[in-house]
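Computed from a predicted structure; not experimentally measured. Convention: sequence-line order gives letters A, B, ...; per-chain numbering from 1.
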Amino acid sequence: MIEILCEYITDILIGVGYTMLVALIGTIVGLIIGVLIGVYRTIPDPKNKFVKVLKKIGDYILTAYVEIFRGTPMMVQAMVIFWGFAKLNNGQTLDVTVSGLIIVSINTGAYMAEIVRGGIISIDKGQFEGAHALGLTHSQTMFQVVLPQALRNILPSVSNEFVINIKDTSVLNVIGFTELFFVAKDIVTQTYKTFETYLLVAIVYFILTFSISMLLRFIERKMDGNKNYKVLGSQNMDAESYVKEVNNG
Amino acid sequence: MAEKLTPSAQIGQTNSAQDSSVIIRVEHLGKNFGENEVLKDIDFYVNKGDVTCIIGPSGSGKSTLLRCINLFEKPTSGRILFHGEDVTAMRKPPLLRQKVGMVFQSFNLFNNLNVLHNCMLGPRKVLKLNKADAEKTAMKYLESVGMAAFVNAKPRQLSGGQKQRVAIARALCMNPEVLLFDEPTSALDPEMVGEVLSTMKTLAEQGLTMLVVTHEMGFAKDVANHIVFMDGGVIVEEGTPEQIFTHPQQERTKEFLSKS
């Protein structure tokens, strides 16, 4: 195993690099897709009839997207999208890395849409009312008050998706994407040391997912901020002394 | 139906003078939730500087009435006039809500923002004040409710009474013409009720127009100049605190007050 590691370290690191690249970008783009869909779904019903119909059509399209991508294996999606593109483009395939990024992103987006929607509806109705009572519009309420809380609440689920993506990028080997699993297959064809190679790759995968889990948990704790707060001056302090205290740090 | 006396009629103002000082006029307001008729033909008005307390048993429609006024609930029938303009047909409720503030039973402070930013959000985003002005406004009102020292605290770090005082400051930062209070002390323990009520009393003394749904009869008696007693979705009786608490005309009012 050690020999394999020493001999193929460059290839393994390239595999790790591509795996992490696709997992990270796929999760981030997926989250963005999820937030957009989640926000779209909470838009109050438009008064204009025509806009209402348009929104309804949009709703159906989004539902179809979410259900189809959650309901089929990513490995099959990868094949369909990769070869489908080639079919439409006179046999010319899309760049493998770009294909991988697109597939993981839209697949993750389908899951994230539901995660974000769950995050938004978990926010107490009072938060919306508090904002609306000040005269904030729906989108101001969403972006200033609701989404920051919803995103904090769904962070564990987002971390989970990231970890799943690190492992699931291995299915992209079917389109010839040079991620970690693809590298392993390549090493096996050269060394015939099947068990040792895959054991080594398993360990590498575990190190990746475990360290990412730990890192994200640390970020969650950071985001919760300080348990304590500083009481400035006395309770009856006036504005002037407040400014003075703040300026003094 | 009891004779409807309003505070300004009491002090003998003429009709025209009365009209110019009317901020909110509710006409034949009705509200149904499906089959359930919650408000029936409600008529009343709020003058500038009035402190109106709406009292009555639970389920009598007090909160729904209040929520209709800032369009949280859409009335089924009737009109609500704000400075003579019908707001029930309004396409953009946020424009009304900037001028009609609301304080909730459950505070509804923004959990993701600290005390200072809770108070700055409205002025920044809705009134478009710059950061320094918004901060100055926020500090002014936080100071007036005695919460200036807690600007850095998050809502979850405050007691109920403190949260409600911040919520009042947050509403005041918008410089509203009327402030609606929806049972502001019902979620508080007896000691905290006092600190919130005294804050509200100070505001009333400063001439803020307030419409308060409350079960605090002591507050209604001392601070309000106009009491509305509701039951079963209608206004049973209204008048000055003296009229309602000392000489109630309606049997239902007497019965309700004898129990509280």
Counting heavy atoms not belonging to [X], are there more than 12 under 6.0 Å from its [atom1]?
| X | atom1 | result |
| --- | --- | --- |
| A:Arg217 | CZ | no |
| A:Phe210 | CZ | no |
| B:Glu205 | CD | yes |
| A:Tyr18 | OH | no |
| B:Lys48 | NZ | no |

Within this structure, what is the [atom1]-[atom2] distance for the pair [X] and [Y], rounded to the nearest 0.5 Å?
| X | Y | atom1 | atom2 | value |
| --- | --- | --- | --- | --- |
| B:Asn112 | A:Arg152 | CG | CZ | 12.5 Å |
| B:Leu113 | A:Gln144 | CG | CD | 8.0 Å |
| A:Thr141 | B:Lys125 | OG1 | NZ | 11.5 Å |
| A:Leu134 | B:Met102 | CG | CE | 12.0 Å |
| B:Asp182 | A:Glu129 | CG | CD | 9.0 Å |

Need one label for [X]: side chain, backbone, both or neither, based on atoms under 4.5 Å from any heavy atom in chain A.
| X | answer |
| --- | --- |
| B:Arg156 | side chain |
| B:Arg124 | neither |
| B:Leu127 | neither |
| B:Phe110 | both |

Max heavy-atom pair count under 4.5 Å with chain A, selected residue of [options]:
| options | value |
| --- | --- |
| B:Asn70, B:Val100, B:Leu71, B:Leu109 | B:Leu109 |
| B:Lys154, B:Arg97, B:Arg91, B:Lys92 | B:Arg97 |
| B:Val126, B:Leu95, B:Leu180 | B:Val126 |

Worksheet item: Does the side chain of A:Asp124 come within less than 4.5 Å of B:Asn111's, by heavy atoms?
Response: no
Worksheet, complete the sentence: Residues A:Ala133 and B:Phe104: closest non-hydrogen pair is CB-CZ, 3.7 Å
Practice prompt. Could you pull out the closest heavy-atom pair between A:Gly135 and B:Pro94, with the gap in Å?
Written response: O-CB, 3.3 Å
Worksheet item: Side chain, backbone, both or neither: which part of A:Gln140 has an atom under 4.5 Å from a heavy atom of chain B?
Response: side chain
Worksheet, complete the sentence: Against chain B, residues from residues 23-49 of chain A with at least one heavy atom under 4.5 Å, in numeric order, are A:Lys47
